[in-house]
Amino acid sequence: KIVQHLQSSPNTEITLFYNGDVVLNVNPMEGDGGRRVSLRAENDFWSIVLEQPHAELFEQPRKLQQYTYFIIAISVVLAVWTAWIVYSGISRPLYRLSGALRKFSGGDLKVNISHRRKDEIGALMDAFNQMAEAQRKLIEQDYEKELRLARSEFALLQCQINPPFL
């Protein structure tokens with residue numbers, strides 16, 4: 001009964017020795033039976049040998065290894081997916097802002113970026129919109145000032161040609 005507690009599976013062979021002679025052999029394996037793992041423990045006169053098929057002994061660790069690989073693969077997929085979401089959440093608005101800057105520097109002064117963001121990128125887009133609006137107003141004011149100046153010069157020239165007091 002004590003030996004049965006040592007038997008981890010029906011295929012485990014247990015041999016008990018006393019002074020090198022076999023005293024007990026439980027579940028002897030006939031023939032080769034493939035690779036086997038052997039464990040020997042000795043104490044003065046007594047020794048015990050446990051033998052178990054290699055495939056049976058490492059079946060559970062192999063399953064755990066497969067589960068671990070599966071979990072690692074799922075984790076990598078989730079990490080890549082999460083990184084893509086974060087990347088696109090940052091790069092897409094920056095790409096839109098970059099395109100608006102290119103249009104604005106190309107002379108399209110009516111560029112406006114519409115968005116619903118409340119984060120730092122949204123603040124950057126708002127700042128761009130404010131800058132573009134301020135630039136547009138400055139250019140319009142400068143144009144109106146130049147136009148008034150040209151009209152004044154034209155009126156002055158007209159006065160020189162046809163003086164109103166004559």
Side-chain angles (χ1 to χ4, degrees), residues 1-140:
K1 193 132 179 139
I2 294 174
V3 175
Q4 287 177 346
H5 293 291
L6 295 173
Q7 201 168 12
S8 60
S9 80
N11 295 328
T12 302
E13 180 180 352
I14 300 172
T15 310
L16 184 63
F17 296 93
Y18 181 76
N19 282 334
D21 296 328
V22 175
V23 176
L24 178 66
N25 191 1
V26 177
N27 201 18
M29 293 289 146
E30 306 282 328
D32 185 19
R35 285 189 348 176
R36 299 180 68 75
V37 176
S38 179
L39 176 68
R40 182 179 192 96
E42 297 181 4
N43 184 2
D44 294 334
F45 303 109
W46 291 96
S47 63
I48 188 168
V49 175
L50 291 120
E51 288 188 2
Q52 189 169 1
H54 184 273
E56 184 179 292
L57 185 63
F58 289 101
E59 181 180 346
Q60 283 291 56
R62 255 191 223 104
K63 285 182 181 177
L64 287 174
Q65 186 179 32
Q66 290 172 348
Y67 291 141
T68 303
Y69 288 152
F70 178 72
I71 290 171
I72 288 171
I74 294 294
S75 298
V76 166
V77 168
L78 287 175
V80 167
W81 180 66
T82 303
W84 179 256
I85 288 173
V86 170
Y87 168 76
S88 61
I90 292 172
S91 68
R92 195 172 299 140
L94 289 178
Y95 183 74
R96 286 181 55 212
L97 181 62
S98 173
L101 283 167
R102 277 194 298 277
K103 284 181 181 178
F104 189 76
S105 66
D108 185 2
L109 300 179
K110 296 187 183 210
V111 175
N112 189 9
I113 303 172
S114 60
H115 65 89
R116 290 178 275 146
R117 298 182 69 104
K118 302 289 184 209
D119 58 355
E120 290 81 6
I121 295 176
L124 185 62
M125 290 177 165
D126 288 338
F128 171 79
N129 287 338
Q130 291 171 0
M131 180 216 48
E133 183 63 29
Q135 189 75 19
R136 191 171 28 254
K137 285 181 182 177
L138 284 173
I139 290 173
E140 285 175 4

Interatomic distance, [X] atom [atom1] to [Y] atom [atom2] [nearest 0.5 angstrom]:
X: Asn129; Y: Ile113; atom1: CG; atom2: CD1; result: 5.5 Å
X: His115; Y: Leu97; atom1: NE2; atom2: CG; result: 9.5 Å
X: Lys110; Y: Glu133; atom1: NZ; atom2: CD; result: 10.0 Å
X: Ser98; Y: Leu94; atom1: OG; atom2: CG; result: 8.5 Å
X: Asp126; Y: Lys118; atom1: CG; atom2: NZ; result: 8.0 Å

For this session: Take atom CD of Glu42 as the centre, draw a 6.0 Å sphere, and report whether it contains more than 12 heavy atoms from other residues, nucleotides or ligands.
Result: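 Correct, the count exceeds 12.
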For this session: Compare all side-chain heavy atoms of Phe17 with those of Ile48 and state whether any distance is below 4.5 angstrom.
Result: no
Exercise. Which residues pass the side chain to side chain donor-acceptor pair (under 3.5 Å) test with Asp119, sequence neighbours left out?
Worked result: Arg117
Exercise. Is the Phe128 ring parallel, tilted or perpendicular to the Phe104 ring (thresholds 30°, 60°)?
Worked result: perpendicular
Seminar exercise, completed: residues 76-97 vs side-chain hydrogen bond (donor to acceptor under 3.5 Å, both in side chains), sequence neighbours excluded, gives none
For this session: Give every residue pair that meets the side-chain hydrogen bond (donor to acceptor under 3.5 Å, both in side chains) criterion with at least one member in residues 64-74, sequence neighbours excluded.
Result: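 Output for this query lists Gln65-Tyr69.
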Problem set entry | Nearest atoms (heavy-atom pairs only) where Gly89 meets Ile121 |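 Heavy-atom minimum between the residues: O-CD1, 4.4 Å.
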